[in-house]
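Chain naming here is simple, since letters A, B, ... match the order of the sequence lines and numbering starts at 1 in each. When reading the values below, keep in mind they use all heavy atoms of this one structure, side chains included, and skip hydrogens, waters and symmetry mates.
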Protein chains: 2
Amino acid sequence: MAARRVLKYAILGLLRKDDKSGYDITSDFKQAIGQFWSAKHSQIYTELKKLLEEELISSYIELSGEKLEKKMYTLTEKGKEDLHTWLLTQDDHLETEKDVFALRLYFLKDIPSADLLALFENQLNLRTNKLNMLKEQYAYHFGEENRPVDLDADDLGHYFVLTKAISREENYIFWLMESMDIIRQRQYGE
Amino acid sequence: MAARRVLKYAILGLLRKDDKSGYDITSDFKQAIGQFWSAKHSQIYTELKKLLEEELISSYIELSGEKLEKKMYTLTEKGKEDLHTWLLTQDDHLETEKDVFALRLYFLKDIPSADLLALFENQLNLRTNKLNMLKEQYAYHFGEENRPVDLDADDLGHYFVLTKAISREENYIFWLMESMDIIRQRQYGE
DNA sequence: GTTAAACATGTAAACAATGACATGTTTAAT
DNA sequence: ATTAAACATGTCATTGTTTACATGTTTAAC
């Protein structure tokens, strides 16, 4: 999968507002943006090293306590330009959005109805938990009264991504429940 | 990304009903199931070789015309068992569903409104085309009168996967249009 | 004071995936 | 007869990603 050097731009993008450490970037991928891109710390540290060599970022040391050295990264001018160009790039095709549950389901002819429903239940559980987490995040950041038209430009990206993730999960859950109904009806008809 | 050897099981799964060649499998990934998993022919031929070594599949030659040799693959008993076990496996977590458009959008603070709308238009176009293709596929295979309860078990997987893909795209398009409205309203308020 | 969780940074081996290279046949249209 | 598209199979170099290895500090709870 993986279009060309997406992690590179994900990192440059995360550095657009504030300087961050590798650990900070790793943490960001566990928040909202992690719904749409993520990477392990091993890959992040390696990519940061590469970006330094390419002079798209620079680094300095910040002390956290007495001994713990945090290596902070800043976007260079070159890095800002590169990021800006990428942000304006239009995709010319859509990549496969891989989904192992759907793949498995395609082969369902060989799965007994009861096991099939167990698979659906499990997926429904995972998705419901995820949706709840996302809704909590939404409530925490945007509350109920906040209308997107009045939002600060800084928060708009976060707003879009969170609403996208929520909408994706709601849609997934809706389809899961619809499909379970069909399976149950077929089971009854047997 | 890629959870553990998903391509392996995708291939075993595609061989569950009929023998297929590497080319056939490559073609399948351009159809419905390609919405949820896909691979290039280079990876497929390599994986087939590996599966042969592991004795999960066996192969024979079929002539197509006078000279063209098609290498056909069949699931072995061992392969069937392995596939069956995998089909019943419950996921214990959800992987990041990577989406470069959403990632880009997260950094939208640095994109002028007009450019942003152009990015959205482009995405809307790509998604609308895809949705139309999926709907054509649906109409072709299931028509209008076909109720899922009455479907042959053989076709049910296909039905679920197609409706899933359609629902995903419709949801994506809906969110795109909603977001574009918000951007236009904010633009007006400037 | 101990301990566990979170903070913090890196490397290396193995595995997954793409793009380019490489070659040849069959079918359908003109 | 020619030609283009589809059929058909493979390898190799590079890039992307994960898992495991490896080490140490700080903070908050008990």
Restricting to nitrogen or oxygen on both sides, can you table the protein-nucleotides 26-30 of chain D pairs closer than 3.5 Å?
{"unit_1": "D/dT26", "atom_1": "OP1", "unit_2": "A/Glu66", "atom_2": "N", "d": "2.8"}
{"unit_1": "D/dT26", "atom_1": "OP1", "unit_2": "A/Lys67", "atom_2": "N", "d": "2.6"}
{"unit_1": "D/dT26", "atom_1": "OP1", "unit_2": "A/Leu68", "atom_2": "N", "d": "3.3"}

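- Taking the six-membered ring for Trp, A/Tyr60 and A/Tyr73 have ring centres at least 6.0 Å apart.
- Looking only at side-chain heavy atoms (C-beta outward), B/Lys49 and B/Tyr45 stay at 4.5 Å or farther from each other.
- You'll find the side chain of A/Gln35 reaches within 4.5 Å of the side chain of A/Lys130, heavy atoms only.
- With sequence neighbours left out, B/Ser64 forms a side chain to side chain contact (heavy atoms under 4.5 Å, CB included) with B/Leu68, B/Lys70.
- As a whole-Å value, the separation of A/Glu95 CD from D/dT15 C1' is 14 Å.
- The distance from atom NZ of B/Lys8 to atom C1' of C/dA14 is 16 Å, rounded to the nearest whole Å.
- A heavy atom closer than 4.0 Å to some atom of DNA chain C occurs in no member of residues 14-23 of chain B.
- The phosphate of C/dG19 has OP1 or OP2 within less than 4.0 Å of a side-chain N or O from B/Lys40.
- Side chains of A/Asp82 and A/Thr85: a donor-acceptor N/O pair is absent below 3.5 angstrom, by distance only.
- The distance from atom CE of B/Met72 to atom P of D/dC7 is 14 Å, rounded to the nearest whole Å.
- Applying a 4.0 Å cut-off to non-hydrogen atoms, the residues of residues 41-60 of chain A that approach DNA chain D are A/Ser42, A/Gln43, listed by residue number.
- Computed from C1' positions of five pairs at each end, the angle between the two local axes of the helix from C/dG1-D/dC30 to C/dT30-D/dA1 equals 40°, rounded to 10 degrees.
- Proximity of A/Ile25 to A/Leu48: side-chain heavy atoms (C-beta onward) are separated by under 4.5 Å at one or more points.
- Take A/Thr89 and apply the side chain to side chain contact (heavy atoms under 4.5 Å, CB included) test, not counting sequence neighbours, and it matches B/Arg104.
- At a threshold of 4.5 Å between non-hydrogen side-chain atoms, the residues A/Leu105 and B/Phe36 do not count as touching.
- The distance from atom CD of B/Glu69 to atom C1' of C/dG24 is 12 Å, rounded to the nearest whole Å.
- A/Lys70 has its NZ atom 12 Å from the C1' atom of C/dA6, to the nearest Å.
- Across all non-hydrogen atoms, the minimal contact from B/Asp92 to A/Leu126 is O-CD2, 3.8 Å.
- Neither OP1 nor OP2 of D/dT9 sits under 4.0 Å from any side-chain N or O of B/Lys71.
- Taking the six-membered ring for Trp and thresholds of 30 and 60 degrees, B/Phe120 and B/Trp175 have ring planes inclined between 30 and 60 degrees apart.
- In this pair, A/Trp86 and B/Phe107 present their aromatic rings tilted. The plane angle is within the 30 to 60° band.
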